[in-house]
Amino acid sequence: SVTMDRIKEKMNSLRLEADESATKAEELKKKVKELEQDNLQKEQEITSLTHRNQLLEAEVEKLETGIKEAKAAASDSAQAGQQSEALTRRLQLLEEEAENADKTLRETNDKLRQTDVKAGHYERKVQALESERDEWESKYEEMAKKYADTKKELDDFVAEIGNI
């Protein structure tokens with residue numbers, strides 16, 4: 001019966017081991033379920049974060065595109081500003097040139113008027129001198145005629161005296 005006791009002991013020992021193993025198996029199954037649940041939760045988190053990451057990357061792309069467009073617009077605006085400044089300077093220069101041309105035109109017109117006045121004055125002087133010349137020519141012709149008449153009378157008188 002010692003063998004029997006040993007067998008019973010061995011059986012009890014095996015039962016205890018089996019119970020412990022069953023308990024251990026239950027604990028491990030529970031642990032596996034917890035880990036699977038944890039794993040599922042982590043996978044869902046990864047999926048959610050991946051989706052969020054894609055959305056953020058799309059937003060970053062949009063923002064980068066917006067920045068590029070804004071920089072291009074700023075560059076265009078700067079170029080337009082430079083062109084505007086250049087055109088404004090050109091316009092100022094043209095306005096100054098126009099003012100100078102107007103001033104020169106006014107001065108030229110004033111000089112022309114003065115020249116016209118002087119020309120009128122000199123024309124009147126020329127007319128007066130021509131009129132005076134005509135008078136002198138007329139007087140000269142009259143005097144030349146008187147001289148010729150007087151010389152003829154004198155020659156006639158000298159001839160008469162010579163005949164006497």
N/O donor-acceptor pairs under 3.5 Å from side chains in residues 118-127, not counting sequence neighbours:
residue, atom, partner, partner atom, Å
Arg124, NH1, Gly120, O, 3.3

Contacts of type side-chain contact (heavy atoms from CB on, under 4.5 Å), residue Ile7, not counting sequence neighbours: Thr3, Met11

So, the side chain of Thr104 versus the backbone of Asn100: is there a donor-acceptor pair under 3.5 Å, distance only? yes

Quick one: salt bridge (Lys or Arg N to Asp or Glu O under 4.0 Å) partners of Arg113, sequence neighbours excluded? Asp110

Pairs of donor and acceptor atoms involving the side chains of residues 32-39, under 3.5 Å and at least two apart or interchain, shall be tabulated with distances.
none

Option among Thr150, Asp155, Asp156, Leu154 that satisfies the side chain to side chain contact (heavy atoms under 4.5 Å, CB included) test with Lys152: Asp156

Can you sort out the partners of Asp102 under salt bridge (Lys or Arg N to Asp or Glu O under 4.0 Å), two or more places apart, ordered by chain and number? none

Between side-chain atoms of residues 79-88 and protein atoms elsewhere (two or more places apart, or another chain), which donor-acceptor pairs fall under 3.5 Å?
residue, atom, partner, partner atom, Å
Thr88, OG1, Ser84, O, 2.7

For the NZ atom of Lys151 and the CG atom of Asp149, what is their distance to the nearest 0.5 Å? 12.5 Å

Rounded distance (nearest 0.5 Å) linking atom CH2 of Trp136 with atom CD of Glu132: 7.5 Å

side-chain contact (heavy atoms from CB on, under 4.5 Å) with Lys103: which residues, sequence neighbours excluded? Arg106, Glu107

Can you name the side-chain contact (heavy atoms from CB on, under 4.5 Å) partners of Leu94, sequence neighbours left out? Arg90, Glu97

With sequence neighbours left out, which residue pairs that include part of residues 15-32 fulfil the side-chain hydrogen bond (donor to acceptor under 3.5 Å, both in side chains) condition? Asn12-Arg15

Give a yes or no on this: more than 12 heavy atoms of other residues, nucleotides or ligands lie within 6.0 Å of atom CD of Glu130. yes

In this structure, CD of Glu135 is separated from CD of Glu142 (nearest 0.5 Å) by 11.5 Å

With Arg6 via salt bridge (Lys or Arg N to Asp or Glu O under 4.0 Å) - residues at least two apart: none

Test side-chain contact (heavy atoms from CB on, under 4.5 Å) applied to Thr50 - qualifying residues, sequence neighbours left out: Ile46, Gln54

Nearest 0.5 Å, what's the CD-CZ distance between Glu45 and Arg52? 12.5 Å

Under the salt bridge (Lys or Arg N to Asp or Glu O under 4.0 Å) test, residues paired with Asp76 that sit two or more places apart: none

Does any part of the side chain of Thr65, heavy atoms only, come nearer than 4.5 Å to the side chain of Lys68, both counted from C-beta? no

